[in-house]
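Only one structure is covered here, and it is reproduced in the block below.
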Number of protein chains: 4
Amino acid sequence: MSREEKAKQTYTLLLEAAAEVVGRDGYAEASIAKITQLAGVAQGTFYNYFDSRQDILDKLLPYMGRGMLDHIAVSLPRDLVGPAREEARLEAFFAYLDQHPGFYRILYEAEVFAPKAHAEHFRVLVEGYRNALNRAVVRGEIEGFDADELETVIYMLLAARSYIAMRYARDENGHAGPVPGHVIKAYMKVLTKGLFA
Amino acid sequence: MSREEKAKQTYTLLLEAAAEVVGRDGYAEASIAKITQLAGVAQGTFYNYFDSRQDILDKLLPYMGRGMLDHIAVSLPRDLVGPAREEARLEAFFAYLDQHPGFYRILYEAEVFAPKAHAEHFRVLVEGYRNALNRAVVRGEIEGFDADELETVIYMLLAARSYIAMRYARDENGHAGPVPGHVIKAYMKVLTKGLFA
Amino acid sequence: MSREEKAKQTYTLLLEAAAEVVGRDGYAEASIAKITQLAGVAQGTFYNYFDSRQDILDKLLPYMGRGMLDHIAVSLPRDLVGPAREEARLEAFFAYLDQHPGFYRILYEAEVFAPKAHAEHFRVLVEGYRNALNRAVVRGEIEGFDADELETVIYMLLAARSYIAMRYARDENGHAGPVPGHVIKAYMKVLTKGLFA
Amino acid sequence: MSREEKAKQTYTLLLEAAAEVVGRDGYAEASIAKITQLAGVAQGTFYNYFDSRQDILDKLLPYMGRGMLDHIAVSLPRDLVGPAREEARLEAFFAYLDQHPGFYRILYEAEVFAPKAHAEHFRVLVEGYRNALNRAVVRGEIEGFDADELETVIYMLLAARSYIAMRYARDENGHAGPVPGHVIKAYMKVLTKGLFA
DNA sequence: GATGAATGAGTGTTCATTCAT
DNA sequence: GATGAATGAACACTCATTCAT
């Protein structure tokens, strides 16, 4: 392995270690000592790759977030449209959560501990969703919402994801797990016919 | 003032000070030194009223949450029903937020820093909502959702509140402010007719 | 001992400890750990009395400098005038140095490690000297130097003190000691008749 | 360029870089990282030329000091004698300082950070001065000082140089500059007729 | 019950030095 | 000989908690 490759590897090693520590203990408890010990390098090595503790915390969500978006993009069948497409999107999100149990804390604590990264993550997320919904509008699946209103809807969808994950995708120990079917069903009912009949 | 009254007063003083500090600086930055200084008592005094720093953090959300629920209950016209009742609930929530700018941080950071209190707060919130929605079911305003599904809907409603507050109820400095009308409109459209036509 | 007295005592204890450590090891090697250990208090206690490491370093020279000036003032016979007064001043300085072996390092490293304190110390020193020389001018002991030139002379006198101390008042281990008589004699010869006959 | 020449060049490159860094930031802030970066070599390369950080710091003053002495020797007109020769020496020193703004810090911080080099530098300086003054004695320009006393005078002259440089040869930002004429005049008056008339 | 000085474990960060490539 | 990543000891500083007054 060349020097450059090894450096890249150490960088990733540290990032993965940080992801595990933050996912397990939260940002507040993620000390450099824990991260470097888990990565199997000396504390000083950390500072060859990151400027500060905050620096790696800021890079954590972009790193994981990219993975999540890729997963969802890949999981979504190309030809699926309408409400079914939205349902698939939600299930892909929960599937990713199931495979990456730490992602929930990394994502939702970021508002507090890595606000810039959190804001950027949301910007990207909202932008992607905006394009998806606009295509649905063009296809005639969505009617009667102007652009501003659609943005609010996007926040409602992201919000629902997050709270459903908080309530249903974790057992009493905070570990990840699958989401019951009736949850998805309720979500889809609201999106297709509203709450008030 | 009797000894007991004075003690009660100091207790409340500390709680209010903690609320202000946490609302302004967040849980992580809320040191005993800051809280006691704002309350105008010595650091040692703190430990006559609370077991530990975590103790007061755990009591903060119940204390504030009660205030919020009272505000909403009082604000809701008794005879309002149907979607209009839900709309009034949402606006009462934002009105409370506008008057208590620190509440957003206290509430949403609690998941990280006072998880027990956060869980209990949600239990109470969900319970209240469940009763409200069940009454709507009895009135025939909501149809086709079983009990489990209704719980999911409740989480979606709470989620929407929270994310809308995060996105629309704070200016770029994190200060509170009113929510634009089109946001409420979008929220109500989803609840009354869904997203997909 | 009252609380206040004890606090004052701890403050002085820390200052004395710092003086000893800096005098022995220099500013650069004066760690909080060394200072607090010598003072017999916990590391955290230090920060109840000083804002930072730099803070105590900045206070060291004023604290010691005051002692030195007092010593010289007290040592100088009131009625001594002319060159003999200057000779007595020099010897009083060396006597102080002999009793406070750490003072040399504290004073001369201050230019690097506590520049503000060093500048202020010199300001006070120069001011005092200016008054002394002006009185000698009035007495007719000094002639032919204008105010600007007198200031330069003061710097030459302070310089001589310092370099003589560096060369003659310390043994090979840096410990203090008395200054040989011929040194004083040479100093006085230059001041009374110059170098070039 | 031969291997040996290239090695010599790298050695000098490092020394010059160290001189610039120490002159600008002081010994305490002169890290290997800064020095090697300025020299344009890797950190590891440093240790092919110097044993340690202290090693290069110890070699800095001898390297610069030689330059200063050469400058003074070259500047001094051969046939100048008496007080005028001493005056020329002082002005040559300040001229060197003006051209090498970093030299002041390198020289005067050396007592703290490179004590061996500082002592050796003084030894050389004093030796040179001793020869100069002895020649003046032989020429009959100086009278009434024995050998020991002359050494003290030398220290007084070096001291005056240094303090005058500290006070008059630097602006408020620590940058170098010329010395006012009245300073030289006062210096010469003391040397030719003493302070006390 | 109120006080506030004392405590000490814990943290992020720096940097001279080493050594495999 | 040149490289630069890895090392780990050292340091200043914070803060929840205790306890004698």
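Per chain, numbering begins at 1; letters A, B, ... match sequence-line order. Predicted model, so just to flag it, every value in this text is computed and none were measured.
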Notebook entry, point to check: Rounding to a whole Å, what distance do you find between D:Ile56:CD1 and E:dT17:P?
Noted result: 12 Å

Next item on the list: Considering only NZ, NE, NH1 and NH2 on the basic side and carboxylate oxygens on the acidic side, decide whether D:Lys116 and D:Asp58 come within less than 4.0 Å.
Entry: no

Check: E:dT21 P sits how many Å from A:Gln9 CD, rounded?
Finding: 14 Å

Notebook entry, point to check: Going from CG on B:Leu107 to CE on B:Met68, what distance comes out if it is rounded to the nearest 0.5 angstrom?
Noted result: 7.0 Å

Next item on the list: Applying side-chain hydrogen bond (donor to acceptor under 3.5 Å, both in side chains), run through C:Glu16 and C:Tyr63 and close with a yes or a no.
Entry: CA-CA 9 Å; C:Glu16 298 279 1; C:Tyr63 177 71; 2.7 Å; yes

Item checked: Within residues 108-118 of chain A, residues whose heavy atoms come under 4.0 Å of DNA chain E -> none

Check: With the sugar-phosphate defined as primed atoms, P, OP1 and OP2, and the base as all remaining atoms, what B/S/- string results for nucleotides 2-7 of chain F, 5' to 3', for protein heavy atoms under 4.0 Å?
Finding: BBBSBB

Margin query: At 4.0 Å (heavy atoms only), tell me whether C:Ser2 reaches a base, stays on the sugar-phosphate, or touches nothing.
Written below: nothing

Check: What class does the angle between the rings of A:His121 and A:Phe103 fall in, given that below 30° is parallel, 30 to 60° is tilted and above 60° is perpendicular?
Finding: perpendicular

Notebook entry, point to check: Which word best sums up how the rings of D:Phe113 and C:Phe113 line up, parallel for under 30°, tilted for 30 to 60°, or perpendicular for over 60°?
Noted result: tilted

Check: Taking only Watson-Crick and G-U wobble pairs with both distances under 3.5 Å, what dot-bracket line describes DNA chain F, where [ ] shows pairs that cross earlier ones and | shows pairs with another strand?
Finding: .||||||||||||||||||||

Item checked: Cationic N near anionic O, under 4.0 Å, C:Arg24 to C:Glu109 -> no

Notebook entry, point to check: Roughly how far, to the nearest 0.5 Å, is OH of D:Tyr11 from CZ of D:Phe50?
Noted result: 4.5 Å

Margin query: Rounded to whole Å, how long is the line connecting atom CZ of B:Phe50 with atom C1' of E:dG1?
Written below: 15 Å

Note to self: Rounding to an integer number of Å, can you tell me how far A:Tyr47 OH sits from F:dG8 P?
What the structure shows: 16 Å

Checklist line | First encountered from the 5' end of DNA chain E, between A:Ala30 and D:Ile32 | finding: A:Ala30

Checklist line | CD-CD1 distance between B:Gln37 and B:Ile32, expressed to the nearest 0.5 angstrom | finding: 13.0 Å

Next item on the list: Return the 5'-most residue of the pair D:Glu29, A:Ser31 with respect to DNA chain E, ranking by each residue's nearest nucleotide.
Entry: A:Ser31

Check: Please give, in whole Å, the distance from E:dG12 C1' to A:Asp55 CG?
Finding: 13 Å

Note to self: If I take atom CD in residue C:Gln37 and atom P in nucleotide E:dT7, what distance separates them, rounded to the nearest angstrom?
What the structure shows: 13 Å

Margin query: Could you go through A:Thr36 and A:Thr45, starting from their C-alpha distance and side-chain angles, then the distance that decides it, and tell me whether this counts as side chain to side chain contact (heavy atoms under 4.5 Å, CB included)?
Written below: CA-CA 8 Å; A:Thr36 51; A:Thr45 301; 6.0 Å; no

Checklist line | Geometric cation-pi criterion, B:Arg105 with B:Tyr27: 6.0 Å, 45° | finding: no

Notebook entry, point to check: Atom CG of D:Leu13 and atom P of F:dG1: how far apart are they, to the nearest Å?
Noted result: 17 Å

Notebook entry, point to check: Hey, is A:Glu120 close enough to A:Arg66 for a salt bridge, meaning N to O under 4.0 Å?
Noted result: no

Item checked: D:Lys8 NZ to F:dG1 P, straight-line distance once rounded to whole Å -> 15 Å

